[in-house]
Amino acid sequence: MAHPVVLIHGMWSTGANLARVAAGLRARGFECHLPDLPYHQAGTRHAAVGNASLRDYLAFLERYIAEKKFAQPPVLLGHSMGGLLAQQLASRIDSFALVLLTPGSPAGVNALRPAPVAAFSKVLATPGFWRKPHKPSPQRARLSVFNGLPDYKQNELYAGMVEESGRAAFEIAFWPLDRNRASRVDTAAVNCPVYVVAAGRDRLTPAPVVRKVAALYDRATVRYYPQRGHWVIDDDETDEMAGEIAGWLLPYEQRAARRLPMRG
């Protein structure tokens, strides 16, 4: 029986945004779970999200997984900010595998590039942004989050965006100034195999930065898609990507079923 998969969404998103990835994995025998992070319920606004820390999100995910009482260690799959949270979670709980889709980078990785700075410029220019909710304008979302998708799809996705934490944005972007190091990952404590997806047209987590994230892990496999943007979770190649993830997991699943150690 395949290990359960916990799919962790990114900024301005909900668990439903990972539905296509989950559908592709379910079709291949995986049991999938799609939690909404605190204050990320679709169709609602929560002023409290502005001051929510990555540590709050991480604590929620730890409780969520503990309450599920999985019979086997889960696969942790995260997109964007969810990819950063998945890394943190894998350093703290027993995890079968780690799948990072265009992931956010932890403290210690220099992620400053013109494209992501432009994407967050309006947020970062807002006085006291680190304690306020934020969401990109439709124009900025089309340029930086949903680029490469057809117009109708971009409009549909923008309508479902929720507000995100200014504090979490600060903790990721300005980690040298964060005395709590909320975006830190103890990479030495991540003992599971890692699969990383990078996209050549990604303007939020550019491929060179994602490769730096992958380099933090000895057991990382990198899949590079030169023509895709950040939103790999719902584009023309999502279903194929889900199949490739399942195919990568299969040897580990087979070896676990035989109770034999797996190398690399």
Side-chain angles (χ1 to χ4, degrees), residues 7-27 32 34 36-37 39-46 49 77-84 99-104 111 113-126 129 132-166 168-169 172-173 197-210 223-245:
L7 297 91
I8 307 168
H9 65 78
M11 281 191 171
W12 313 300
S13 303
T14 70
N17 288 119
L18 286 160
R20 274 191 66 192
V21 180
L25 294 175
R26 285 183 180 126
C32 294
L34 295 85
D36 291 336
L37 292 175
Y39 315 116
H40 285 70
Q41 291 72 33
T44 60
R45 296 188 67 187
H46 299 278
V49 73
L77 183 153
H79 173 241
S80 195
M81 179 182 73
L84 170 56
V99 179
L100 308 176
L101 309 181
T102 57
R113 295 289 190 281
V117 169
F120 284 92
S121 59
K122 186 175 180 180
V123 174
L124 303 180
T126 302
F129 78 88
K132 296 178 181 178
H134 65 89
K135 186 169 79 168
S137 68
Q139 295 78 12
R140 179 48 62 186
R142 292 187 184 99
L143 285 171
S144 301
V145 185
F146 307 132
N147 59 299
L149 301 180
D151 289 344
Y152 82 89
K153 189 72 172 180
Q154 293 185 3
N155 294 336
E156 176 185 295
L157 289 168
Y158 187 80
M161 284 183 113
V162 299
E163 291 182 318
E164 189 50 73
S165 165
I172 295 170
V197 167
R201 296 184 176 179
D202 191 340
R203 295 173 180 166
L204 276 187
T205 56
V209 177
V210 171
R223 176 65 164 97
Y224 175 62
Y225 295 90
Q227 301 303 319
R228 299 176 81 184
H230 185 70
W231 205 255
V232 296
I233 57 175
D234 192 3
D235 66 7
D236 288 342
E237 297 184 65
T238 298
D239 299 331
E240 178 185 348
M241 181 184 72
E244 291 180 350
I245 293 169

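Values below: every heavy atom of this structure, side chains too, minus hydrogens, waters and symmetry copies.
Asn155 CG to Arg142 CZ: the interatomic distance, rounded to the nearest 0.5 Å, is 5.0 Å. The CG atom of Asp36 sits 12.5 Å away from atom CD1 of Ile8, with the distance rounded to the nearest 0.5 Å. The line from OG1 of Thr205 to CG of Leu100 is 10.5 Å long, rounded to the nearest 0.5 Å. Atom NE2 of His79 sits about 7.5 Å away from atom CG of Leu18, to the nearest 0.5 Å. Atoms CD1 and OG, from Ile172 and Ser165 in turn, are 8.5 Å apart once rounded to the nearest 0.5 Å.
Aromatic ring pairs are classed by plane angle as parallel below 30°, tilted from 30° to 60° and perpendicular above 60°; the pair Trp231 and Phe146 is perpendicular. Taking the six-membered ring for Trp and thresholds of 30 and 60 degrees, Trp12 and His134 have ring planes more than 60 degrees apart, a perpendicular arrangement.
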side-chain contact (heavy atoms from CB on, under 4.5 Å), that's the test. Do Gln227 and Arg201 meet it? Break it down for me.
CA-CA 6 Å; Gln227 301 303 319; Arg201 296 184 176 179; 2.5 Å; yes
Might you work through the side-chain contact (heavy atoms from CB on, under 4.5 Å) test for Asp239 and Arg20, ending with a clear yes or no?
CA-CA 7 Å; Asp239 299 331; Arg20 274 191 66 192; 3.1 Å; yes
Evaluation steps, side-chain contact (heavy atoms from CB on, under 4.5 Å), between Val145 and Arg140
CA-CA 8 Å; Val145 185; Arg140 179 48 62 186; over 6 Å; no
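Surrounding OH of Tyr225 are more than 12 heavy atoms belonging to other residues, nucleotides or ligands, all under 6.0 Å away. Atom CG of Asp236 sits in a sparse spot, with 12 or fewer heavy atoms from other residues, nucleotides or ligands closer than 6.0 Å.
With salt bridges taken as basic N to acidic carboxylate O contacts below 4.0 Å, none links Lys153 and Asp235.
Between Thr238 and Arg228 the shortest heavy-atom distance is N-NH2, 3.6 Å. Nearest heavy atom pair, residue Tyr224 against residue Ala207, reads CE1-CB, 3.8 Å. The two atoms that bring His40 and Glu163 nearest to each other are NE2-O, 4.3 Å, heavy atoms only. Here the shortest heavy-atom pairing between Gly83 and Pro103 reads CA-CB, 4.0 Å. Leu7 and Cys32 make their closest contact through CD1-CB, 3.7 Å (heavy atoms, listed as atom of the first residue, atom of the second, distance). Closest non-hydrogen pair, Pro136 versus Tyr158, comes out as O-OH, 2.7 Å.
Between Lys135 and Val162, every side-chain heavy-atom pair lies at or beyond the 4.5 Å cut-off. No side-chain heavy atom of Leu204 sits less than 4.5 Å from a side-chain heavy atom of Met11. At a threshold of 4.5 Å between non-hydrogen side-chain atoms, the residues Ile233 and Asn17 count as touching. Using a 4.5 Å heavy-atom threshold, the side chains of Leu37 and Met81 count as touching. When side chains are defined from C-beta on, Leu101 counts as touching Leu77, because their heavy atoms get closer than 4.5 Å. Here the side chains of Val21 and Met241 are in contact, with some heavy-atom distance below 4.5 Å.
Donor-acceptor pairing under 3.5 Å is lacking for the side chains of Ser144 and His230.
At distances below 3.5 Å, not a single donor-acceptor pair connects side-chain atoms of Thr14 with backbone N or O atoms of Gln41.
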